[in-house]
Structure formats: structure tokens, C-alpha cells
Undergrad: 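Pasting in a structure now, in C-alpha cells, and then I'll have a few things to ask.
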Number of protein chains: 4
Amino acid sequence: MSASTLKYHEPTPSEDGQKRRGRPRSETSKKSILNAVNRLLLLSSVKDLSIEAIAKKAGVGKTTIYRWWPNKVAVILDALLSQFGSMQDLPTSSTTAQSVKNQLERFMRLLKGKNGKILIEIMAEAQSSEETLTLFYENFMLQHEEIMANLIEEGKEKGEFRKNLNTALAVDMIYGSIVYRLMSGAETLDEEFTENLPKEAINILKI
Amino acid sequence: MSASTLKYHEPTPSEDGQKRRGRPRSETSKKSILNAVNRLLLLSSVKDLSIEAIAKKAGVGKTTIYRWWPNKVAVILDALLSQFGSMQDLPTSSTTAQSVKNQLERFMRLLKGKNGKILIEIMAEAQSSEETLTLFYENFMLQHEEIMANLIEEGKEKGEFRKNLNTALAVDMIYGSIVYRLMSGAETLDEEFTENLPKEAINILKI
Amino acid sequence: MSASTLKYHEPTPSEDGQKRRGRPRSETSKKSILNAVNRLLLLSSVKDLSIEAIAKKAGVGKTTIYRWWPNKVAVILDALLSQFGSMQDLPTSSTTAQSVKNQLERFMRLLKGKNGKILIEIMAEAQSSEETLTLFYENFMLQHEEIMANLIEEGKEKGEFRKNLNTALAVDMIYGSIVYRLMSGAETLDEEFTENLPKEAINILKI
Amino acid sequence: MSASTLKYHEPTPSEDGQKRRGRPRSETSKKSILNAVNRLLLLSSVKDLSIEAIAKKAGVGKTTIYRWWPNKVAVILDALLSQFGSMQDLPTSSTTAQSVKNQLERFMRLLKGKNGKILIEIMAEAQSSEETLTLFYENFMLQHEEIMANLIEEGKEKGEFRKNLNTALAVDMIYGSIVYRLMSGAETLDEEFTENLPKEAINILKI
DNA sequence: CTTTAACCGAGACGGTACGTCGTGTCTTAAC
DNA sequence: GTTAAGACACGACGTACCGTCTCGGTTAAAG
């Protein structure tokens with residue numbers, strides 16, 4: 001499974017057999033846009049990052065950006081995901097509890113350093129419209145949630161976890177605590193948090 | 001304890017004995033500003049709400065707003081808190097678990113309807129700067145967190161809750177799940193969620 | 001010779017052979033701006049005329065005005081000159097004295113009615129900075145001064161005018177008297193003045 | 001005759017015999033206001049000088065300024081005239097021509113250095129309303145004009161000057177040339193001008 | 001020797017306009 | 001048909017002053 005790109009990038013009539021007419025989409029432009037975003041994010045917040053600045057830094061017309069992404073959130077999310085690389089399935093572990101732990105650690109490793117801050121800023125920015133919110137949610141959070149939900153269900157079936165556990169709620173609590181911590185002013189996820197969360201998560205899941 | 005106002009409203013030299021010079025702050029203006037914000041929030045999102053629109057609606061100069069609040073988040077947060085009214089201490093219940101439940105239900109009742117959406121939008125807006133973030137956190141979330149943290153500690157001492165529980169983490173998980181749910185696109189906290197969260201919260205705290 | 005436009009209107013790289021890139025300047029906007037200024041000047045003074053009002057009346061963004069003119073004086077001067085139309089050379093007359101008279105009458109005709117008042121208000125407004133002052137002087141007064149100075153020199157050579165006459169001073173006196181009269185509160189140049197000035201001007205020039 | 005103050009400074013019911021009740025006007029404030037204006041004029045233009053800045057520099061409430069002067073032009077004009085000191089009548093000279101010369105030189109001496117620039121800026125600022133214009137004209141220019149007009153009439157009667165001379169026009173030309181020169185960008189009246197103007201003025205007046 | 005009235009400083013008030021920035025759209029010529 | 005360039009209408013920003021107002025306090029003449 002891959003989380004590395006959004007689905008905007010196929011030129012519009014994507015599904016017909018014959019070749020598209022006219023000048024093809026410039027891959028160079030796409031790369032330099034995502035590249036520019038990533039470089040700019042080192043210097044400024046998501047809020048302060050403007051499409052205009054991206055276009056200028058990337059040496060690209062604003063139109064080119066607007067043609068391929070619907071809004072700022074989409075571009076930045078795309079740039080961020082391009083950094084994360086593809087999300088391989090985790091190798092299955094001995095116990096489900098261990099799998100949960102692995103999964104959580106992998107997720108938090110993604111958000112180490114500036115990335116956590118940036119992701120939270122994107123999530124915040126995404127709140128401004130229904131459209132961007134689902135864009136963000138479905139392209140990023142949802143897949144992590146699904147993996148975790150499946151693991152929990154698996155644990156419940158195997159008798160490792162409490163049967164009376166509300167899976168959806170547990171997922172909200174686990175990912176919610178990470179998001180909430182980052183939103184409360186923590187610059188990054190400190191070591192204490194990254195160590196304790198998986199342990200405590202297991203505690204609340206187990207019988 | 002009161003959550004009804006921010007600390008911006010004392011004219012600058014607040015604590016000295018002698019009287020302030022010059023024309024005193026207009027309480028009428030203050031009220032009409034907070035009022036305007038509350039009325040405007042019914043029609044538009046926090047993002048789309050402009051200082052200019054508030055000033056116009058309130059029949060007030062923009063300067064008057066900027067004189068008393070440092071930014072949009074502060075005004076809106078203030079207006080919202082003025083709606084919530086003061087936060088009385090909860091009457092102590094039979095068990096700590098019950099107190100936790102009561103406290104959570106009270107919190108979620110505050111966020112019923114549009115208020116939940118608005119609060120999350122403020123929280124999102126507040127992400128744009130360190131300053132607004134602490135403003136939001138310290139004037140709203142922090143006091144709720146503290147109440148809950150105290151209850152959990154109390155429960156641990158009384159032997160009601162697990163001794164090995166990480167209090168801070170538990171608080172993050174509980175409030176995080178609410179915030180995260182609202183941030184994920186839920187227009188409001190549905191009945192299912194508001195019923196299940198307190199139950200599950202007790203489950204993870206108890207032995 | 002033409003006095004009908006300032007030199008702001010050539011897009012920046014004016015003199016190179018190759019075509020300019022990007023969307024070209026909108027002539028429609030330019031016209032509607034100058035038009036709006038001229039209509040607004042009928043109702044309000046130069047001082048009370050705001051860039052914002054012009055933009056609104058012209059149905060144009062403020063930025064479009066700021067893009068092409070450096071300040072209010074420049075726009076208004078431009079609008080006024082667009083009214084005056086181009087300045088043809090006068091047909092040479094029998095005597096230089098007659099030419100001087102013709103030139104003066106033409107100048108004063110330009111300033112009949114509201115135009116005199118407006119021009120003086122622009123001149124007044126232009127005093128606020130070195131930049132606007134030279135803008136005004138070089139784009140309007142200077143050419144009139146030069147014509148007059150040339151005529152006076154010609155008259156001196158032909159023996160019509162006093163050899164010991166200080167040409168520059170004479171020009172200052174003649175145009176100065178007009179400007180000064182308008183600045184002293186005269187709404188317009190009255191008939192008495194417009195009749196007498198040319199006569200008296202000839203008197204002080206002649207032997 | 002005195003040109004050193006405007007007539008604003010008598011407290012409102014000026015002409016009745018008995019003393020006014022209440023706290024009398026503070027002369028200290030008046031002085032520090034005029035003083036502040038003169039100091040500020042060394043640093044900024046008349047246009048950029050704000051009532052607020054004057055009040056601050058003078059350590060005075062804005063209300064105090066507005067109580068005694070109707071507008072900015074009035075305050076600044078007042079401050080400038082307080083610098084000029086009183087205008088004594090000139091001692092009569094041998095010839096009227098000499099008197100004219102003396103009068104002109106005295107006038108131009110007043111405008112040496114920054115004062116010329118400032119006066120012209122006041123005159124420019126005064127153009128914005130009928131009221132300020134007459135204020136400026138009647139409190140400053142008019143008395144100079146009258147002296148000159150009287151001298152010219154005297155010269156005509158004595159047979160020194162041309163009988164067919166239009167006195168009003170001559171006055172406009174003479175003072176107009178000075179004003180116009182200063183308005184055209186000259187920082188000050190240079191030596192050449194101050195030497196030549198009186199000579200040329202006599203030339204155009206004489207037979 | 002208290003009242004009364006006008007003054008004073010400070011500074012908040014409702015406004016207006018400023019000049020700038022970013023949005024998303026558009027119109028060119030070049031490829 | 002896409003691209004870079006860049007002009008466009010629009011809307012909001014935060015600031016500066018305007019002229020007015022409202023306080024507490026002062027300073028005199030009038031009662």
C-alpha cells in the first residue's frame with residue numbers, strides 16, 4: 001500500500017486508451033513545486049506559506065499549481081507525503097500487542113522533528129473547509145486508523161484484548177492523544193511521550 | 001473558578017492603587033463586540049470571520065478591537081467563553097469514577113451543537129502562532145485538563161484507579177479523543193459518542 | 001508636442017525589441033480610472049479624492065492603480081492632462097508680442113472654470129514631496145514656461161523686447177501671477193484678469 | 001502694525017469689561033505648543049506634521065490645541081508668525097522705488113532658509129478649504145500686498161511709476177513670482193533671484 | 001471659603017484611508 | 001494544450017490620524 005501521492009496527478013482524461021494531445025504535463029514542474037514546498041516549510045509555517053511564494057520559488061506559474069491541486073492544503077499535504085515515502089505493510093509480530101506497538105512507533109517516527117508540527121498545521125489549515133478536511137483525513141489519517149482498527153479487532157478475536165472495548169473509540173483515543181499533544185503547544189513529541197504512549201495504549205487495550 | 005473572561009480586559013496598569021487617567025474603557029463597546037462575534041459565528045466560519053466585519057457589525061472602530069485584543073483568536077475565544085458562562089466547581093460525587101463521568105459530560109455539553117465546531121476552528125486558527133496557541137490553551141483547555149488530572153490522581157490514591165496509570169497521558173487520551181473526533185469531520189459530537197466516551201474512559205482508568 | 005500623457009504608462013521594459021511576457025496592461029482599466037478621476041473631480045476637491053474612491057468608481061482594484069501610478073498626484077495629473085488633450089505648436093503670428101498674447105490666452109483658457117482650481121489643488125498637493133513636485137512641474141508647467149521663454153528670447157533678438165530683461169524672471173512673473181491669483185482664493189480667473197494680464201505682460205516686456 | 005499673532009487667542013467673550021470666570025488659559029501650554037511646532041517643522045514637512053505629534057511633543061492634550069486653533073494650518077501659521085516677530089513699518093526712503101526695493105528685500109529675508117519652504121507648504125495645505133485659505137491669506141499675504149500696493153499707488157501719483165500700470169496685477173506679478181519660484185521646486189530663494197527680482201520689479205514699474 | 005465654571009492632561013472612541021499582501025482568474029506569447 | 005509571466009478584481013490586513021468624547025484634577029473669580 002502506498003501513501004506517497006494524492007490522486008490529482010493523472011491528467012484529466014486518464015482512463016482512455018489513446019494518448020492525450022498537446023504538450024504533456026511537465027514532470028519537472030511537479031517536482032520543483034513539491035521540492036519548493038518542502039524547502040519553504042523549513043522556514044515558515046503552513047499558514048504563512050503562500051501559493052505565490054511556492055510558484056516563485058519553484059519558478060513556475062501560479063496557474064500550473066492551480067491546475068493540478070485544488071488548494072494550498074492539497075499541495076502541502078502532497079509534498080509532505082512525498083517525503084514520508086510509501087507505507088509498506090508491517091511484518092506481522094508474535095503478539096497483536098506487539099504489532100500495535102510497532103505500528104504506533106512507526107507513526108510517531110514519521111512525526112519526529114518538524115514533521116509533527118507541519119502535519120498539525122496542515123490539519124489545522126484543513127479545518128477551514130469540508131473539502132480540504134476530507135482530503136486530509138482520507139489521504140493520511142484514515143489509513144493509519146484502519147490499520148490500527150484492524151489490529152484491535154484482531155486482538156479482540158484472539159482474546160488478547162478486552163471484548164467490551166469500543167474499537168473506534170480506542171482508535172480516537174490513541175491517535176487523538178498524539179494529535180492533541182502536538183496541538184497543545186509541544187514543538188515535537190518528546191522521548192517521554194513516545195516511550196509511554198505505546199505502553200499505556202497496550203494497557204488500556206488488554207484485559 | 002471562572003472561565004468567562006480573558007485577562008485582556010483590565011486596562012493596562014491594573015494593580016496600582018491610583019485611578020487610571022483618560023477616558024475609561026467603554027463597556028458598551030466591549031459588549032457589542034462580543035455580541036457581534038457571537039452573532040457572526042452563526043453565519044460564517046472562524047476563518048472567514050474578519051476583524052473588519054466584526055467592527056462593522058458592532059458599530060465600532062477597528063482600533064477599538066485592536067486596542068483590547070491582540071488578534072482574532074483572542075476576540076473570538078473571549079466571545080465564546082462569555083457564552084459558556086462561569087465554570088463552577090462540580091459537586092463531589094460518591095465515587096471518583098462518577099465525578100470523572102460528570103466532568104466529561106459537562107465538557108461535552110459545552111460543545112454540543114455549533115459550539116464544538118467553533119471551538120475546533122478556534123483551536124485550528126490558534127495553531128498559526130505560539131502566542132495564540134498558549135492563549136487558547138491556557139484560557140480554555142488547561143483548566144479542564146487540571147480538573148480531570150486532579151480527579152484521576154484522587155482516584156489513584158483512593159485505590160479506585162490503576163496505580164500504574166500515567167495521568168498526563170490519560171488526560172491527553174480523553175480530551176484528545178474528543179478534539180480529534182471533532183477535527184476529523186464530525187459536525188457535532190453525536191449521541192453515540194457522548195454516551196460511550198465516559199463509559200470507556202472509566203474502563204481505561206479503573207483497575 | 002504632446003502634453004496628453006505621463007511616462008508611467010509604458011510597461012517596464014519599454015525599449016527592447018522582443019515582446020513583453022505575461023498579460024498585457026488593460027487599456028480598459030486605464031481609461032476607466034482616468035475617467036473616474038475626472039468625474040469625481042467634479043464633486044470633490046483633490047485633497048478629498050482618495051485612491052480608494054477612484055478604484056471603487058472605476059470598478060478596479062486599488063493595486064491596479066498603484067501598479068501604474070506612484071501616487072495620487074500622478075493619477076490626477078494624468079487625468080487632467082488627458083482632458084486638456086495634446087498641445088499643438090501655435091501658428092506664428094505677425095509680431096512676437098502677439099505670439100506672447102496668444103500663448104497666454106491659450107494657457108488661461110485651459111484653466112477656465114473648474115480646471116484652474118483643480119490644477120492649483122494638484123500643485124498644492126504636489127508640494128508634499130520632491131518627487132511629486134518635479135512630476136507636476138516637468139509634466140505640465142515646464143513646457144509652458146519653455147514656450148514663453150523662447151518667445152521672449154526671440155522678441156529680445158528681434159529688438160521688440162528690452163535687451164536688459166531677465167527672461168527667467170519674466171516667465172516667473174507672468175505664470176506666477178496666474179498661479180498666485182488662483183491660490184489667493186479666486187475661484188476662477190475672472191474676465192478682468194484674463195483681459196488685463198496679456199496687455200500688462202506685453203507692457204513689461206516691451207521697450 | 002503686527003503680524004506676530006492670529007486672533008484666535010482671546011478667550012471667547014473677549015470684549016466685555018469684567019473678567020472671565022473659571023480657570024484662565026494656560027500661557028505655558030500655548031508657548032509649548034508653538035514651540036513644539038517650530039521644533040517639529042525642522043524635521044518634517046507641514047503635510048507630515050500631525051496634531052497628535054504636536055500634542056505629544058508639547059506635553060499637551062489634543063483638546064487644548066483644538067480649543068484654541070481651528071485646524072492644523074492655523075497652528076502652524078501661528079507658530080511661523082511667532083518666529084517672524086512683529087512687522088514694523090518701514091522707514092520712508094528717498095524715492096518710492098527705493099521703498100519698493102526695501103519692502104521686497106525684507107519680505108524675501110523672511111523667507112530665507114527653511115522658512116520659505118515652510119510658508120509655501122502652509123500655503124499649499126491651506127488650499128484644501130476656503131476657510132484655511134482666507135485664514136492664511138488675510139493673516140499673512142494680505143498685509144504685504146497692501147504695503148506694496150500703497151507704495152505703487154504712491155509712485156504713480158509722484159510720477160515715478162507708469163500711470164497706465166495695473167496696480168493689483170503688478171502686485172500679483174511681484175509676489176506671484178516669489179511664490180511661484182518656491183513652488184517650482186527651489187529649496188530656497190537663491191542669491192541670484194533675491195538680487196534680480198527687486199531690480200526687475202523696479203524696471204517694470206518705472207516709466 | 002465655598003461654589004461654580006472654564007481649563008487642562010490623558011487617552012478611548014467611531015471613522016476613513018492608507019499601502020500591502022494574497023486569493024483565484026484571466027490573457028498573452030512561447031514551446 | 002500546457003507553460004511562465006504577470007495583470008486583474010477583490011477583500012482583509014494592521015496602522016496612522018482625524019476630530020470628538022469623557023474622565024479626574026486644577027485654577028481662578030463670584031457668591
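Just so it is clear, the model here is predicted, and its values are computed rather than measured. Lettering of chains follows the sequences in order, A, B, ..., and the numbering in each one begins at 1.
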Undergrad: How would you label the contact of D:T63 with the nucleic acid (heavy atoms, under 4.0 Å): base, sugar-phosphate, or nothing?
TA: base
Undergrad: For side chain to side chain contact (heavy atoms under 4.5 Å, CB included), just list the numbers for D:E121 and D:E125, CA-CA rounded to whole Å, side-chain angles, deciding distance to a tenth of an Å, and then say yes or no.
TA: CA-CA 6 Å; D:E121 283 178 6; D:E125 198 75 16; over 6 Å; no
Undergrad: For DNA chain F, whose closest nucleotide is more 5', that of B:Y66 or that of C:T64?
TA: C:T64
Undergrad: Roughly how bent is the helix from E:dC1-F:dG31 to E:dC31-F:dG1 end to end, in steps of 10 degrees, with each end axis from five pairs?
TA: 10°
Undergrad: Just so I know, are the side chains of B:F136 and B:L119 near enough to count as touching, which here means a heavy-atom distance under 4.5 Å?
TA: yes
Undergrad: So which atom in C:I65 and which in C:I33 form the shortest heavy-atom distance, rounded to 0.1 Å?
TA: CG1-CD1, 3.8 Å
Undergrad: Determine whether the side chains of B:T132 and B:S129 contain a donor N or O and an acceptor N or O closer than 3.5 Å.
TA: yes
Undergrad: Please tell me which of C:S29 and B:D48 maps to the more 5' nucleotide of DNA chain F, matching each residue to the nucleotide holding its nearest heavy atom.
TA: C:S29
Undergrad: Is any side-chain N or O of B:R23 under 3.5 Å from a base N or O of F:dC21, one able to act as donor and the other as acceptor?
TA: yes
Undergrad: Let me confirm one number: the CG-NZ distance from D:L49 to D:K72, rounded to the nearest 0.5 Å.
TA: 6.0 Å
Undergrad: Does a distance-only test, which skips hydrogens and angles, find a donor-acceptor pair under 3.5 Å between the side chain of A:K62 and the base of F:dG6?
TA: no
Undergrad: Could you say whether B:G61 or C:S50 is positioned toward the 5' end of DNA chain E, judged by the nucleotide with the nearest heavy atom to each?
TA: B:G61
Undergrad: Step by step, work out the side chain to side chain contact (heavy atoms under 4.5 Å, CB included) result for A:L41 and A:K114.
TA: CA-CA 9 Å; A:L41 278 176; A:K114 265 197 174 300; over 6 Å; no
Undergrad: Using whole Å, report how far CH2 of C:W69 lies from P of E:dC18.
TA: 15 Å
Undergrad: Provide, to the nearest angstrom, the distance between the CD atom belonging to B:E52 and the P atom belonging to F:dG14.
TA: 10 Å
Undergrad: Return the value, rounded to whole Å, for the distance between atom CD1 of B:I51 and atom C1' of E:dT16.
TA: 18 Å
Undergrad: Tell me the closest heavy-atom pair linking A:I118 and A:V46, and the distance in Å.
TA: O-CG2, 4.0 Å
Undergrad: Whole-Å distance between F:dC13 P and B:E125 CD?
TA: 10 Å
Undergrad: Taking the minimum atom-to-atom distance to the side chain of D:P24, which one of F:dC18, F:dG14, F:dA28 wins?
TA: F:dA28
Undergrad: Checking all strands, does B:R21 fall into the base, sugar-phosphate, or nothing category for heavy-atom contacts under 4.0 angstrom?
TA: sugar-phosphate
Undergrad: Separation of C:K56 atom NZ from F:dC8 atom P, in whole Å?
TA: 21 Å
